[in-house]
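So you know, we letter chains A, B, ... as the sequences are listed, proteins then strands, and number each from 1.
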Amino acid sequence: MDRVVVIGGPTASGKSGLAVDIAEAFGGAVINADSMQLYHPLDVLTARPEAEDLARAPHRLYGVLPGSERGSAARWRTMALAEIAEARGQGRLPVVVGGTGLYLRSLMEGLCEVPIVSEEIREMARARHAAQGGEAFRADLVARDPASERLNPGDTARLLRAWGVLEATGRPLTDWQSTAPDGPPPGMRFVVCVIDPPRAALYARCDKRFTLMLERGAMDEVRALEALGLDPELPVMKALGVPELRRCLRGEWTLEQAAVKAQQSTRNYAKRQVTWFRHQLLDKPAHGCHAVSSLYSATLRDAILPSLEQSLRD
RNA sequence: GGCGCGGUGGCAGAGUGGUGAUGCAGCGGACUGCAAAUCCGUGUACGUGGGUUCGAUUCCCGCCCGUGCCU
């Protein structure tokens, strides 16, 4: 049994539900591939599976990192590979599910060997960028690494990364990236399933879900998070709804306003994910992809599981 | 009824006698180690009918609608 199920799709599309259904049906273990569900303090706000689902199948990599840390694709990949190995050791089918496409792809295709950039250097990059601005920062970078020409002056994240790698290794990032990625882990075959629901329905579910999160204590979670006094630049602090609810706590926005804003960012995020999955996964049929064109709910289970079972057998 | 003010793309909101800001949303796209991040692209909009003008969203008149004050 060398199969690994991989489920992707936009937020609120029903991925987690599909994952448990599959895990339950085929004796599997659900492994999280969502960058935010990895962190510890946020449970409701990050839409982690609830007790009922947790009881139906083992769930791994949920809430395993403290919010004070920063995850990364490579870090997740290492953890995921370990969990996959463990599930297999127990005779379970690994079901990897999450909305972080980059993570999913890093698992399936591997990453290029790029040395780790120290926090000191990253900090230097940030300071330098802040001091000279995007244009100048980019100009300096391009002078040393012509290939980074393709980066937009406003694309701070990538600019910082490119600069950091160059500074840390003396070699341009594009250089490192031109070497082939380490490829799929040996002995692993992926059965990919992507949910790509109609836009209107997806947005409606995003909105509804946030309202539900508030009813289930999202505000208390943010209060607890706030009490930790974390650096607002940390990934957890940027989870959807956190910035908005924090402003509410500070009295800058009413709960109503915060909710509207958070719902908006959720929809924007869902849109980005749809684009990512369509072009980075669905259009690249290297992995046989099952596309589900509607929001997933238990009623679709019998329509989807049989074809998946077929793929697992092939 | 009188006087004033205003009617700009889905919304907010500048502005100009001739090349129609901008923001948000929407839509499309990018994406190799902070990715729920970071970014890019995208609109035959000037209430209506006349007039002035080489040319009106911009100037003038009527009308409609909204708004404030007065009666």
Item to complete: Say whether, by atom type as modelled, one donor and one acceptor occur between the side chain of A:Glu221 and the main chain of A:Val44 under 3.5 angstrom.
Response: yes

Worksheet item: Does a salt bridge link A:Arg126 with A:Glu119, judged by any charged N lying under 4.0 Å from a carboxylate O?
Response: yes

Worksheet item: Distance-only, no hydrogens or angles: does the A:Gln280 side chain make a donor-acceptor pair with backbone N or O of A:Phe277 under 3.5 Å?
Response: no

Discussion item. Rounding to an integer number of angstrom, what distance separates B:rU58 and B:rG47 when you compare their P atoms?
Written reply: 8 Å

Discussion item. Students often get this wrong, so: under 4.0 angstrom with heavy atoms, is A:Ala73 touching a base, only sugar-phosphate, or nothing?
Written reply: sugar-phosphate

Worksheet item: So what does A:Arg199 hit on the nucleic acid, given a heavy-atom distance under 4.0 Å: a base, only sugar-phosphate, or nothing?
Response: sugar-phosphate

Practice prompt. Output the distance between atom OG (A:Ser13) and atom CG (A:Asp196), rounded to the nearest 0.5 Å.
Written response: 9.0 Å

Practice prompt. Considering only atom C1', compute the distance from B:rA25 to B:rG43 and round it to an integer number of Å.
Written response: 13 Å

Worksheet, complete the sentence: In whole angstroms, the gap separating P of B:rG29 from CZ of A:Arg150 amounts to 20 Å

Discussion item. Give me the distance, rounded to whole Å, that separates B:rG66 from B:rU16 when you measure between the C1' atoms they each carry.
Written reply: 25 Å

Practice prompt. In whole angstrom, give me the gap between the C1' atoms of B:rG15 and B:rU71.
Written response: 37 Å

Worksheet item: So how far is it from A:Arg77 CZ to A:Leu102 CG, rounded to the nearest 0.5 Å?
Response: 11.5 Å

Discussion item. Is there a path of hydrophobic side-chain contacts, each under 4.5 Å between heavy atoms of I/L/V/M/F/W/Y residues, joining A:Val274 to A:Tyr296?
Written reply: no

Worksheet, complete the sentence: From CG of A:Leu104 across to P of B:rA36 the rounded distance in Å is 11 Å

Practice prompt. Output yes when at least one side-chain N/O atom of A:Gln177 is less than 4.0 Å from OP1 or OP2 of B:rU32, else no.
Written response: no

Worksheet item: Just checking A:Leu45: base, sugar-phosphate only, or nothing, at a heavy-atom cut-off of under 4.0 Å?
Response: base

Discussion item. Counting only side-chain nitrogens and oxygens, does A:Arg158 get under 4.0 Å of the OP1 or OP2 atom of B:rC31?
Written reply: no

Discussion item. Is the phosphate of B:rC31 approached by A:His279 (side-chain N or O, under 4.0 Å from OP1 or OP2)?
Written reply: no

Worksheet item: How is A:Thr46 classified with respect to the nucleic acid when contacts are heavy atoms under 4.0 Å: base, sugar-phosphate, or nothing?
Response: base

Practice prompt. Flag the pair A:Arg246 and A:Glu252 as a salt bridge only when some basic side-chain nitrogen lies within less than 4.0 angstrom of an acidic carboxylate oxygen.
Written response: no

Worksheet item: Expressed as a whole number of Å, how far does the C1' atom of B:rU52 sit from that of B:rC60?
Response: 7 Å

Discussion item. By the 4.0 Å heavy-atom rule, please label A:Gly99 as base, sugar-phosphate, or nothing.
Written reply: sugar-phosphate

Response to the item:
In Watson-Crick or G-U wobble terms, with both distances under 3.5 Å, the base opposite B:rC24 is B:rG10

Worksheet item: Using atom P of each nucleotide, how far apart are B:rC3 and B:rU42 to the nearest Å?
Response: 48 Å

Fill in: Gap in Å between the two P atoms, one belonging to B:rG26 and one to B:rC69, rounded
38 Å

Worksheet item: Which part of the nucleic acid does A:Arg77 contact within heavy-atom distance under 4.0 Å: base, sugar-phosphate only, or nothing?
Response: nothing

Worksheet item: Given atom CH2 of A:Trp276 and atom P of B:rU38, what is their separation to the nearest angstrom?
Response: 18 Å

Discussion item. So, OP1 or OP2 of B:rC31: does either fall under 4.0 Å of a side-chain N or O from A:Thr275?
Written reply: no

Worksheet item: OP1 or OP2 of B:rC24 less than 4.0 angstrom from a side-chain nitrogen or oxygen of A:Asn268, does that happen here?
Response: no

Item to complete: Look at A:Glu167 together with A:Arg144 and state whether they make a salt bridge at an N to O cut-off of under 4.0 Å.
Response: yes

Worksheet item: Looking for any heavy atom pair under 4.0 Å, which part of the strands does A:Thr11 touch: base, sugar-phosphate only, or nothing?
Response: nothing

Worksheet item: Does A:Tyr269 have a side-chain nitrogen or oxygen under 4.0 Å from the phosphate oxygens OP1 or OP2 of B:rA37?
Response: no

Item to complete: Using atom CE of A:Met237 as one end and atom C1' of B:rA35 as the other, report the distance to the nearest whole Å.
Response: 18 Å

Practice prompt. Give the rounded distance in Å between these two atoms: CG of A:Leu234 and P of B:rA37.
Written response: 15 Å

Discussion item. Is there a side-chain contact between A:Arg267 and the phosphate of B:rA25, meaning an N or O under 4.0 Å from OP1 or OP2?
Written reply: no

Worksheet item: Does OP1 or OP2 of B:rA35 have a side-chain N or O of A:Gln273 closer than 4.0 Å?
Response: no

Worksheet entry | Rounded distance in Å between the C1' positions of B:rU57 and B:rU19 | 15 Å

Worksheet item: Taking atom C1' of B:rG33 as reference, at what distance in whole Å does atom CD of A:Glu69 sit?
Response: 15 Å

Worksheet item: Within the structure shown, what part of the strands sits under 4.0 Å from A:Phe277 by heavy-atom distance: base, sugar-phosphate, or nothing?
Response: nothing

Discussion item. Please report the distance, rounded to the nearest Å, between CZ in A:Arg105 and P in B:rC31.
Written reply: 8 Å

Worksheet item: Considering Watson-Crick and G-U wobble pairs with both distances under 3.5 Å, what does B:rG1 pair with?
Response: B:rC70

Worksheet item: Which part of the nucleic acid does A:Ile116 contact within heavy-atom distance under 4.0 Å: base, sugar-phosphate only, or nothing?
Response: base

Worksheet item: How close or far is atom C1' of B:rC34 from atom CZ of A:Arg122, stated in whole angstroms?
Response: 6 Å

Worksheet item: For B:rG33, does either OP1 or OP2 sit under 4.0 Å from a side-chain N or O belonging to A:Arg161?
Response: yes

Discussion item. Does a side-chain N or O of A:Gln280 approach OP1 or OP2 of B:rU32 to a distance below 4.0 Å, or not?
Written reply: no

